[in-house]
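Nothing fancy with the numbering, it's 1 onward along the sequence. When reading the values below, keep in mind they use all heavy atoms of this one structure, side chains included, and skip hydrogens, waters and symmetry mates.
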Amino acid sequence: MSIGLLKPGRWLVCSFLVSFFFFSGYSFAPTFAAESTEKKDSSATKDSFNLILPYKDVTVGQGQDVTMDTEVVNRTKNPVRVGLSIEGVPSGWEVNFHSRYPSYPVRSVMVQGEKSTTVEFKAKVPEKTKPGSYEIRVAAKDEAGTTSQAEKISFQVTSRKVETGGLKLTSQYPVLGTPTGQTLKFTVDLKNETNKPLTASLVAQAPTGWVVRFKPQFGDTQISSIQLKENATETLSVEIDSPLQAKAGEHPVTVRARAGAFEASTNLKITLKGTTDLKIGTSSGTLNTSITAGKKTPVAFLVGNAGTAPVRNLTFITKKPEKWTIEFKPDKIDALNPGDVRELSMEILAPARAIAGDYLISLSTNSPDASKTVEFRVTVSTPTFWGWIGALIVAAVVIGLAVVFIRLGRR
């Protein structure tokens with residue numbers, strides 16, 4: 001069999017067919033690759049969320065805190081609830097997730113469709129933690145149970161404090177003293193140690209009933225946040241009001257500044273000296289009594305401390321009429337603590353020949369801590385025997401005068 005040459009018309013048809021299949025192969029290949037990539041992408045987005053921790057290996061000193069923002073990203077169009085848990089926490093460490101502001105512990109977050117929610121991971125390393133390596137596992141799982149993710153964070157604990165950039169809060173005079181019920185003014189310096197501007201919020205943790213205000217160093221406007229330029233320092237005034245009934249002693253107040261993931265704090269201490277407020281009175285509320293001349297009469301009265309500091313070595317002094325005798329039982333109180341009330345007896349003896357009537361007795365307390373003076377009105381009456389004697393004398397005088405007038409009248 002012999003094969004002849006193709007005619008020009010057939011050669012053109014064959015050339016067209018070969019070219020078609022050759023180029024169509026290139027066009028089919030990208031299409032097929034795109035379809036396979038799309039399938040891979042669709043399989044990769046089956047996870048309902050992503051858990052993103054920016055730092056997996058950190059160095060921290062004994063007694064320091066580690067704080068980092070943790071992001072939960074919703075990969076779906078529907079809201080997803082994601083539970084958060086922490087495992088393998090070393091003994092004594094305080095590790096938890098917190099809301100950003102205000103800061104509350106959280107165990108789960110609700111993330112809107114195709115959105116993200118940021119929570120704060122906080123780890124507090126105890127002062128007595130041994131230097132070395134520690135590992136904590138962070139786990140997250142959606143409510144449906146279709147997606148779960150876990151990350152490990154390694155902590156390298158050192159015996160020296162780690163210097164970190166961010167915020168720095170200091171006070172040149174962190175301890176001040178005052179009587180209770182007064183206002184103290186502290187001065188603190190807030191420094192931005194980063195190369196970018198920051199807006200720092202200001203909060204304080206104080207005992208119940210105390211009031212804390214933040215103000216600029218030169219100004220009377222109360223503020224709750226402040227703008228900080230890069231590598232700049234702002235001086236703030238912290239005014240603290242102590243309640244009138246606050247106990248004497250040391251009271252701590254913690255001041256915190258926060259800007260995003262950066263946080264700084266400083267501890268202030270108020271030493272309250274306490275105030276003394278002695279009260280003297282009777283159970284009936286009146287400061288008067290009645291006695292009989294020549295007879296020792298006990299008068300009960302009360303002494304109380306309405307202040308916030310104890311009164312020590314309390315004795316009593318009186319200013320009384322001449323020849324009167326006054327004794328106290330007991331004659332001394334070693335300590336009268338805030339809120340204490342003691343009942344005492346004041347035994348008053350007026351001379352037997354004292355003239356009946358009203359007298360004033362000045363009663364004063366004597367103590368290195370406090371003093372108080374009150375006046376008692378004492379009504380003195382004479383005994384019945386002397387009353388009869390007086391009546392007889394008066395009667396005798398009257399009779400004598402009558403006899404004189406009768407005799408003179410006869411003359």
Ring geometry between Phe121 and Phe97 (parallel below 30°, tilted from 30 to 60°, perpendicular above 60°):
perpendicular
Do you know which two heavy atoms are closest between [X] and [Y], and how far apart they sit?
X      : Y      : result
Glu71  : Ser116 : OE2-OG, 2.9 Å
Ser265 : Thr254 : CB-CG2, 4.3 Å
Ser108 : Gly83  : CB-CA, 3.8 Å
Ala354 : Val380 : CB-CG1, 4.4 Å
Leu228 : Ala200 : CD1-CB, 4.1 Å
Phe49  : Ser148 : CZ-CA, 4.5 Å

Can you find a heavy atom in the side chain of [X] that is under 4.5 Å from one in the side chain of [Y]?
X      : Y      : answer
Gln112 : Pro79  : yes
Thr178 : Leu272 : yes
Val253 : Phe186 : no
Ile326 : Met346 : yes
Leu84  : Val138 : no
Asp220 : Lys215 : yes
Trp324 : Ile291 : yes
Leu363 : Phe301 : yes

Indicate yes or no for a side-chain donor-acceptor contact from [X] to the backbone of [Y] under 3.5 Å, with no hydrogens or angles considered.
X      : Y      : result
Ser242 : Gln182 : yes
Gln62  : Thr129 : yes
Thr275 : Gly307 : no
Ser345 : Lys329 : no
Asn192 : Lys229 : yes
Asn366 : Thr315 : no
Ser99  : Tyr104 : yes
Ser171 : Thr187 : yes
Asp142 : Thr147 : yes
Gln149 : Leu51  : yes

How about [X]: does its [atom1] atom have over 12 heavy atoms from other parts shown lying under 6.0 Å from it?
X      : atom1 : result
Gln217 : CD    : yes
Arg213 : CZ    : yes
Glu94  : CD    : no

[X] and [Y]: side chain donor to acceptor below 3.5 Å:
X      : Y      : answer
Thr365 : Ser367 : no
Thr183 : Asp241 : yes
Thr308 : Thr180 : yes
Thr199 : Gln227 : yes
Ser362 : Glu375 : no

For the pair Asp57 and Gln156, evaluate side chain to side chain contact (heavy atoms under 4.5 Å, CB included) and give the outcome as yes or no after the intermediate values.
CA-CA 8 Å; Asp57 195 338; Gln156 307 299 324; 3.7 Å; yes
Going through the distances and angles, do Leu349 and Glu347 end up as a side chain to side chain contact (heavy atoms under 4.5 Å, CB included)?
CA-CA 7 Å; Leu349 176 61; Glu347 296 184 348; over 6 Å; no
Side chain to side chain contact (heavy atoms under 4.5 Å, CB included), that's the test. Do Val188 and Thr235 meet it? Break it down for me.
CA-CA 6 Å; Val188 297; Thr235 300; over 6 Å; no
Approximate separation, where rounding is to 0.5 Å, of [X] [atom1] and [Y] [atom2]:
X      : Y      : atom1 : atom2 : answer
Lys279 : Asp277 : NZ    : CG    : 4.0 Å
Lys372 : Thr276 : NZ    : OG1   : 10.5 Å
Ile223 : Ser237 : CD1   : OG    : 9.5 Å
Leu184 : Tyr173 : CG    : OH    : 15.0 Å
Thr194 : Asn231 : OG1   : CG    : 6.5 Å
Ile86  : Ile153 : CD1   : CD1   : 8.0 Å

Applying side-chain contact (heavy atoms from CB on, under 4.5 Å) between Val72 and each of Asn50, Ile52, Val109, Val80, report the one that passes.
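Going through Asn50, Ile52, Val109, Val80 one by one, the side-chain contact (heavy atoms from CB on, under 4.5 Å) with Val72 is satisfied by Val109 alone.
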Do you know which of Leu401, Val394, Ile399 makes side-chain contact (heavy atoms from CB on, under 4.5 Å) with Val397?
Leu401
Apply side chain to side chain contact (heavy atoms under 4.5 Å, CB included) to the pair Ile136 and Trp93, showing each step before the final yes or no.
CA-CA 11 Å; Ile136 292 176; Trp93 289 37; 4.0 Å; yes
Do NZ/NE/NH1/NH2 and the carboxylate oxygens of Glu87 and Arg137 come within less than 4.0 Å?
yes
With sequence neighbours left out, write down each residue that passes side-chain hydrogen bond (donor to acceptor under 3.5 Å, both in side chains) with Arg342, or none if nothing qualifies.
none
